[in-house]
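Okay, so here's the structure we're looking at.
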Amino acid sequence: MAGSDTTARSSSGRSAPDTVKILIAGGFGVGKTTMVGSVSEIVPLRTEEPLTMAGLGVDDLNGVEEKRATTVALDFGRITVSDDLVLYLFGTPGQQRFWFMWNDLAVGALGAVVLVDVRRPKSSFAAIDFFERRGIPFVIAVNGFHGEHPYPVEDIREALALPDGVPVLLCDARERESCRDVLISLIDRLIAEAAPAG
């Protein structure tokens, strides 16, 4: 796959797997840290800090009043899709004051998952705009809080003003298989876009 890192053959004669960098992005409190933790085969690296009084008036907690910690730099996890493919997952910080990290995290990324909370769809607009402007392919993963998905995919697509080519999937960021299916959909999109036209 174009843009992935392939290392030299090992002493056993087998090639090391391709590695692909994927971003998990979205607004504040949409479930990015949860998704990375659910699907990662390693203990994820987290840079969470407790929310404090200093954030009052700065951080918008509407709809996520129960949130007690926030990612200040990144989350990191890894998932082996097959013998030939390993995904490195980088979760972005969701608060606007940490968005400067996104440019660095996007370097070398082949694709992204934009998590959406339908209770607060506007919180995902910035992430969608970020990837559209940079030409980074992405999929939308609608995180069903409390396991609920009250809106059909077509309504969500229209509300987010998405082009037809962007997959919209319903998921539960707490469930490994659900998150895996989202990542597989993204890989399918990357492969389709990398295939020569004809």
With rounding to the nearest 0.5 angstrom, report the CD1 to CG distance, I24 to L186.
8.0 Å
Go through D75 and T33 one step at a time and tell me if the side-chain hydrogen bond (donor to acceptor under 3.5 Å, both in side chains) criterion holds.
CA-CA 6 Å; D75 299 307; T33 298; 2.6 Å; yes
Side chains of L160 and P121: does their closest heavy-atom pair fall under 4.5 Å?
yes
Does CD belonging to E41 count more than 12 external heavy atoms closer than 6.0 Å?
yes
Results of salt bridge (Lys or Arg N to Asp or Glu O under 4.0 Å) for E193 - residues two or more places apart only
R189
To check you understand the geometry: which heavy-atom pair defines the closest contact between V182 and A141, and what is its length?
CG1-CB, 3.9 Å
Ignoring hydrogens, what is the shortest heavy-atom contact between A106 and I136? Give both atom names and the distance.
CB-CD1, 4.2 Å
Flag, side chain of K32 to backbone of V114, donor-acceptor distance under 3.5 Å
no
If you measure from CG on L89 to CG on L183, what distance do you get to the nearest 0.5 Å?
5.5 Å
Are V20 and L85 packed together at the side-chain level, in the sense that at least one heavy-atom pair is separated by less than 4.5 angstrom?
yes
Expected output: side-chain R157 to main-chain V166 donor-acceptor under 3.5 Å
yes
Can you tell me how far CG of L115 sits from CD1 of I140, rounded to the nearest 0.5 angstrom?
9.0 Å
Nearest 0.5 Å please: distance from the OG atom of S82 over to the CD1 atom of I184.
10.0 Å
Between H149 and D172, is there a donor-acceptor pair closer than 3.5 Å when you use the side chain of the first and the backbone of the second?
no
Heavy-atom side-chain proximity of V36 to F76 below 4.5 angstrom
no
If you count the non-hydrogen atoms of other residues, nucleotides and ligands that lie under 6.0 Å from OH in Y151, is the total more than 12?
no
Is there a side-chain contact between P93 and L105, using heavy atoms and a 4.5 Å cut-off?
yes
Run the salt bridge (Lys or Arg N to Asp or Glu O under 4.0 Å) test against D104 and tell me which residues pass, sequence neighbours left out.
none
Main-chain N/O of V39 paired to R176 side chain as donor or acceptor, under 3.5 Å:
yes
Backbone N/O of F28 and side chain of R120: donor-acceptor pair under 3.5 Å:
yes
Are V43 and M35 connected in the hydrophobic side-chain network, where two residues link if heavy atoms are under 4.5 Å apart?
no
Is K21 reaching over with its side chain to a backbone N or O of V107, donor-acceptor style, under 3.5 angstrom?
yes
When rounded to the nearest 0.5 angstrom, what is the spacing between CG in L74 and CG in L23?
10.0 Å
Rounded distance (nearest 0.5 Å) linking atom CZ of F138 with atom CG of L110:
15.5 Å
Does a donor on one side chain sit under 3.5 Å from an acceptor on the other, for E175 and S38?
no
Describe, in one word, how the ring planes of F131 and W102 are oriented to each other, choosing from parallel (under 30°), tilted (30 to 60°) and perpendicular (over 60°).
parallel
Shortest non-hydrogen separation from G31 to A173 and the atoms involved:
O-CB, 3.8 Å
What I want to check is whether the side chains of R119 and N143 have a donor and an acceptor closer together than 3.5 Å.
no
